[in-house]
A.B. asks: 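For reference, the structure I am asking about is given below.
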Amino acid sequence: MATVFEDIRLEDISVDDVDLSELDREFDVENRIDFDNFVVVDGAPVAPEAKVPALSKVLTKLFSQAGQVVDMDIPVEDGKTKGHLFLEFDSAVAAKKAIKLFNGKKLDVKHRLFVNSLNDMEKFGSPDFVTEFKEPKIPEPQPTEYLKSWLLDPKGRDQFVLQKSEMAAIFWYRNKLQPENIIDARKQWSDSILEFSPQGTYLFSFHTRGIASWGGAKFERLKRFSHPGVKAISVSPTEKYLVTFSPEPLEVLEEPTEDFPFGPESNGHQLCIWDIATGMLMKTFPLPPNQQPQWPMVKWSFDDQFCARLGPNAIAIYQTEKNFQLLNGKVMKIEGVQNFSFAPKGLKLASKRASDPLTTAMVYWTPESNNQSCKAVIMELPTKRILRTINLVQVTDVDFHWQNEAKYLCVQVDHHTKSRKTIFTNLEICRLTEREIPFEKVELKDRCMRFGWEPQGDRFVIISNSENINDNPAIPKNVVGFYAPEKKDKGTEDKSLSDFKRWKLVHAVEGKFSNEIAWSPAGRFVCVAAIGKMISRSENLDFYDMDFPSEKIINTATDVNATLRDVAHVNYVNATDYQWDPSGRYIAFWSSAWKHKAENGYKVFNLCGNLIREELINDFNNFFWRPRPEPLLTNAEKKKVRKNLREWSTHFEELDAMEADSATRQLIIERRGWLEQWSKYRASTAENLATHNLSIYDVVNLAISEEDYEIIEEIKDSVVDETTEEVTSFDQ
Amino acid sequence: MRPIMMMGHERSITQVKYNREGDLIFSCGKDAVASVWYSVNGERLGTLEDGHMGILWSIDVDDFTEYAVTGGGDAGVVIWRVKDGSKVHKWELRSPVLRVEFSPNGDKLLAVCADLMGHVGSICIIDIARDSANKIIGYDEEPTVEICTIEGTAPVQVASWSYDGKYIVAGHRDGNITKYDGRTGQLLQSQKLHKQLITDIQLSLDRTYFITTSRDCYANLVDVETFEVLKSYETDCPLNSGCITPLKDFIIVGGGQDAREVTTTSAREGKFEAKFFHKLFQTEIGRIDDHFGPINCIAVSPQGTSYVSGGEDGFIRLHHFDKNYFDFKFDVERSADAQKKVVVPSEIN
C-alpha cells in the first residue's frame, strides 16, 4: 500500500529556495575536450610546405584503414613540415585501431611512424609524469634443489605417476613388488592431467588460473605460469620453454602484475611462451585466423634455437635467442603450405665437414595447385637453403615421420586414384645423412594408418587398411607390415653400393584390429596393439621381436636385416592407453576412467609380453612414466656394457633378490662379508707363505699340452640286419 | 653325475687317496691289499700285495708318484714303488699304525701308532733320504722323533703334515686338535675342537688350512698357523671323512651311523650320503647317496674334477663332476665375479 502525501502540493514548493550548489558541484562537467579521438603521429617525413597536400593525401589514405579521418593537422615551420602531425578520427575505437595498426610502421626505409594517443601526450607531458628511468624489478633468482636428482637413484629405477579421481602420487617402479612411494598422494594436485617435460625434469599441473611446475626430490612447486583457462601445454625439446594454450582469449585490463604478466599487446592472444626456469613470459601469440588449429601450434627445432608456427600461406619462424624475433624480420611466405615439421635432431649432412655444427632442418609440404605439383621440401635453417624437394602427384595428404635420430625421414604420401575413390599410400624414405639425400619409394596397396620408426634403427612398422565403408567393422581388416633394409652381401662390400639401401617387407600380418604401434625406446621390440576396439575378444596386444635369435622366425623375406618373431599375444581389451618405460624394458597399459569404466587400472608387461604387475583401481585415471634424458654413454661404452651383459645381469639379479625379501637381503650381505673375509684370509696366508718362499694355490693345474695326448679313434662296424631275397626272374 | 663303482676290495675301505696329478687313485681296506686305480675310468692298475698281515688302515702316495706308503694293523709301515708295485721297505712299529703320510717334499714320513698293545699311542716321524730324482736312497730304521701321548690326554687318531713340513696337525680321540713342530715334534698348540673322536684331518692343497671331521656330526675348517676355526659345518650324522675341493669353494664330508649300528637301521636312516657344503657360506648345497654303508673315507682330485669315496660296504665310488657342478655359484659369488669384470656403480646397502 502506497503512502499518499495529500498535503504536499507542487505549487507550494519554492524553486528558488532549493540550494543546487551541492548538486552543481557533484555533476559539474569539466569543459574538457575528449582526446580519445586524437592521435599524434611522429616520424613522418619532413617535407617542404609545397608537398603538404601530397603528404596529407598519402597519410589520410593510410590512416583511413583504421577509420574515418576527420581532421589532419600538419604543423609547418620555416617552410618545412616538422615531422609530426595530429589526426582526429571519428571515434575513439578508430583512434585505438590506428595506434595498434600503425605504431612502429615503416613508411619507407627512412621513416618509421610512431602513433600515440593525444591523451598519452597529455599524460607524458604533465609534470606529474615521472620521467626518471625506474629500473624494472627483476625478481631475485630463486635457487632450486637439484632437479635431476631422480637420475642418481643408485638402483637406477624409474618413476611413474598414478592418478586416481582427485588423487595423484608418484612411485618408484620395483618390478613385481609394491611400488615405493616417493611422495604422499596429493589431493587435487592438478585439475586435469599431470604432465612431465620431455626429459622428465619438470612436472606440470593444470589449474584454472594457469600452470604450475614441480620438481626436485619431493616435487616442490617451482614456478607458476598464469594463463587463465589453459587447456594444453607443450614443452620445447631442451626443456627451456613452455607453450600454453587457452581457448579463452586473454583479456588485458590493466598494467601487468606478477600474477598476470600480460601487457596490452597480448590482448586477445591465446598462445603463450614461457621460460620454464625463471617463469618469465617470453611471448604471446594470437591464433592464426581461419585455420584449423593443429596441436602443437608451436614447433621447436631440436636445440630450441628456433620455433615456428604455421600460418595461412606462411610459416613464422622465431629466433628464441633473439627475444623471439622473426627470422630475417618477416614470416616465410609459402603459398598453400599445409604442414611442416622440424627434424628431431641436428643433421649431419654429407655435404658438410665433420667439424661443422649440426644442421637444423625442417620439412614442409604444399599441395597441388595450378600447374604446380605437390611438393615436399626439406629446408636448412637459418639459411633457408632448400636441401631437397620431392615432387608428387595425385596427393590427398602428406605426413612426415622422422626417425628419432633424424637419420631418415619418411614422407607418407596418400595418393588417390584418378577416380578419387580409393586412397593408397606411398612411403618416400629419404636418407638424410647421405650425399644428395637420396629417396627410396616403398609402394603400398592400401592406405597407411600408422607408421613407426624403430628408435635408433632403420626399420619400421606400419599399419595399413584397405578402406571400404561397406565393410563389416567386426571383421578385422588391418594389415601390420614390418619393413627392414635389404641385407647386403658381406662378400660384395663395394664402397659405392654399400650405402644403398632398399626397404623390403619382412612380413605382413593380416586381419588385425591393431591400430597402435609402440616401439620400445631401446628398439628391437615392438608392441602392436588394438586400443579401444572392444569388438575384439581375442588377444589385442601383440609383442614382436625384430632380432629373434633363433631359426623359428616368421619372416617371409629372408634377405633382410631382421628376424621377426611374434613373442607374445596378450589380451587386455579394456586398455585405453599405453606407454613404454624410458628404458624400453616394460610397457604399461592402462584403462582410464576418463575413457570408460571397465576394468580401470593398469598392467605392466615386460618386452616379452609377460605380465609383471597389475592393479585394478576404481576411478583410475592415468599412469605415466617419468621420462629420462638421453643417456650420456658413448656408443663404445654401450657396446662394452652389452658385451658384459651377463656380468651386469648377475649384479642386478642380486639387487632384485635383495629388494624382494629382507631375509635374503640379510643373507646376501652376510655372504658378501664372508666372501670378502675369505679373500682377506687367503691374502694374509699368502703373505705368510711368502716368507717360506711358498705360494698359495687352490688347485693343481696340470701343464698338459696337446702333444701329451694321443687321440685313438675306434671304429666299429656292426651289421644290424642282413636279408637275402631271391628274385625269381625279371624276364617274365 | 654317473658314478664309477670300483670293486676290488673284499672288505671295508679305510682310506682313498689321489696322486698329485689326479690320474691315479690309491686305496686300502681291511683286506690287507692296497689297490691303485686309473681315475679316468676306474680301471685297476694294480695291487700292492704281500706287505702286511691283516688290516690296512692308511695309504699315501708322495707328490712325485714314485712311492706309496701303507700302514696297517700289523704295526707295519711299508713303502712301495708305484711303478711296479714292489715293496721297498717295511718298518715294524710298536702298535697298529692308524695313519701314514709323506711330508710334502717326501723326505719324512709320519705314522700314527694306536694306543694298543701296551703302547700309549704316538706319532712317529721317520726320515727318508732321497736323491735329486726323488729316489729313496736311504732311511732310518728307527723313528727320528716319536711324539707320545702325554699322560692324562687322549691318544692321537689322525695326523697330517702342514705346508713345507713345518707342522704336524693331529686330531685326538677326545676331539682335541694339536699342532707339533714337524722337525722336533715339540707340542706347539692344542685346542678343544670337537666333542667326540676326530675321524679325519685333510689339508688344503697348499697345506695352509685343514678340515676336521668328527663323530660329533661337525666338520671344522681350521687355519694351520693360528689354529683359528675359520668355518664350522653342522651335519645330521657322525662324520668319518671330509675333504676340501680344489677349484670350487666347497667341502665334501661323508660318514654315517657307526658301523656297529648299521645292521639295526635301514639304509635311509643311516645317512650314508656324501654331503657337499659351500666352504665359505657353510650351507649344504647337495648330497650324493650311493653307498649302502657308512662312508669311511673321501678324497678329491687335486684338479677338482672328480672325487672318490670308500665305504664300509667295501665299494669305492668314483664321481667325475659334471657341468652343473662347475657352473654352480651362489648369486653373491656370481656378482662378485661379475664385479671383477665390470665396474659396478657404488653399492647401495
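In this text the structure is predicted, and so the values were computed from the model without any measurement. Quick note: numbers below take in every heavy atom, side chains included, and nothing from hydrogens, waters or symmetry partners. Proteins get letters first, then strands, A, B, ... in listed order; numbering begins at 1 in each.
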A.B. asks: Inspect the surroundings of CG in A:Leu632 and state if more than 12 heavy atoms from other residues, nucleotides or ligands are less than 6.0 Å away.
C.D. replies: no
A.B. asks: So which of B:Lys329, B:His278, B:Lys279 has the largest heavy-atom pair count under 4.5 angstrom toward chain A?
C.D. replies: B:Lys279
A.B. asks: Take a 6.0 Å sphere around CD of A:Glu180 and say whether it holds more than 12 heavy atoms from other residues, nucleotides or ligands.
C.D. replies: yes
A.B. asks: Would the number of heavy atoms belonging to other residues, nucleotides or ligands and lying under 6.0 Å from OH of B:Tyr167 be above 12?
C.D. replies: yes
A.B. asks: Would you please indicate yes or no on a ring centroid separation below 6.0 angstrom for A:Trp678 and B:Tyr209?
C.D. replies: yes
A.B. asks: Just to be sure I understand the criterion: a residue of residues 684-692 of chain A counts if one of its heavy atoms is under 4.5 Å from a heavy atom of chain B. Which ones qualify?
C.D. replies: A:Thr685, A:Asn688, A:Leu689, A:His692
A.B. asks: Assess whether atom CD of A:Gln178 is packed by more than 12 heavy atoms of other residues, nucleotides or ligands within 6.0 Å.
C.D. replies: yes
A.B. asks: B:Asp206 and A:Ser695: which non-hydrogen atoms are nearest, and at how many Å?
C.D. replies: CB-O, 4.3 Å
A.B. asks: Around atom NZ of A:Lys643, are there more than 12 heavy atoms of other residues, nucleotides or ligands at under 6.0 Å?
C.D. replies: no
A.B. asks: Measure distances from A:Tyr681 to the heavy atoms of chain B and classify the residue's part below 4.5 Å as side chain, backbone, both or neither.
C.D. replies: side chain
A.B. asks: Is there any residue in residues 221-232 of chain B with a non-hydrogen atom under 4.5 Å from a non-hydrogen atom of chain A, and which ones are they?
C.D. replies: B:Leu221, B:Asp223, B:Glu225, B:Leu230, B:Lys231
A.B. asks: Could you walk me through whether B:Thr283 and A:Arg671 pass side-chain contact (heavy atoms from CB on, under 4.5 Å), step by step?
C.D. replies: CA-CA 11 Å; B:Thr283 328; A:Arg671 282 179 178 167; 3.5 Å; yes
A.B. asks: With a 4.5 angstrom heavy-atom cut-off, is it the side chain or the backbone of A:Arg682 that approaches chain B, or both, or neither?
C.D. replies: side chain
A.B. asks: Is it the case that atom CG in B:Asp236 sees more than 12 heavy atoms from other parts of the structure closer than 6.0 Å?
C.D. replies: yes
A.B. asks: Near A:Phe548 CZ, under 6.0 Å, is it more than 12 heavy atoms from other residues, nucleotides or ligands?
C.D. replies: yes
A.B. asks: Provide the closest heavy-atom pair for B:Pro302 versus A:Val699 in the form atom of the first, atom of the second, distance.
C.D. replies: O-CG2, 3.3 Å
A.B. asks: Between atom CG of B:Leu280 and atom CH2 of A:Trp674, what is the distance when rounded to the nearest 0.5 Å?
C.D. replies: 9.5 Å
A.B. asks: How long is the span from the NZ atom in B:Lys166 to the CG atom in A:Leu694, to the nearest 0.5 Å?
C.D. replies: 10.0 Å
A.B. asks: Looking at B:Gln191, I want to see if its CD is surrounded by more than 12 non-hydrogen atoms of other residues, nucleotides or ligands under 6.0 Å.
C.D. replies: yes
A.B. asks: Could you look at A:Ile696 and say if it's the side chain, the backbone, both or neither that has a heavy atom under 4.5 Å from chain B?
C.D. replies: both
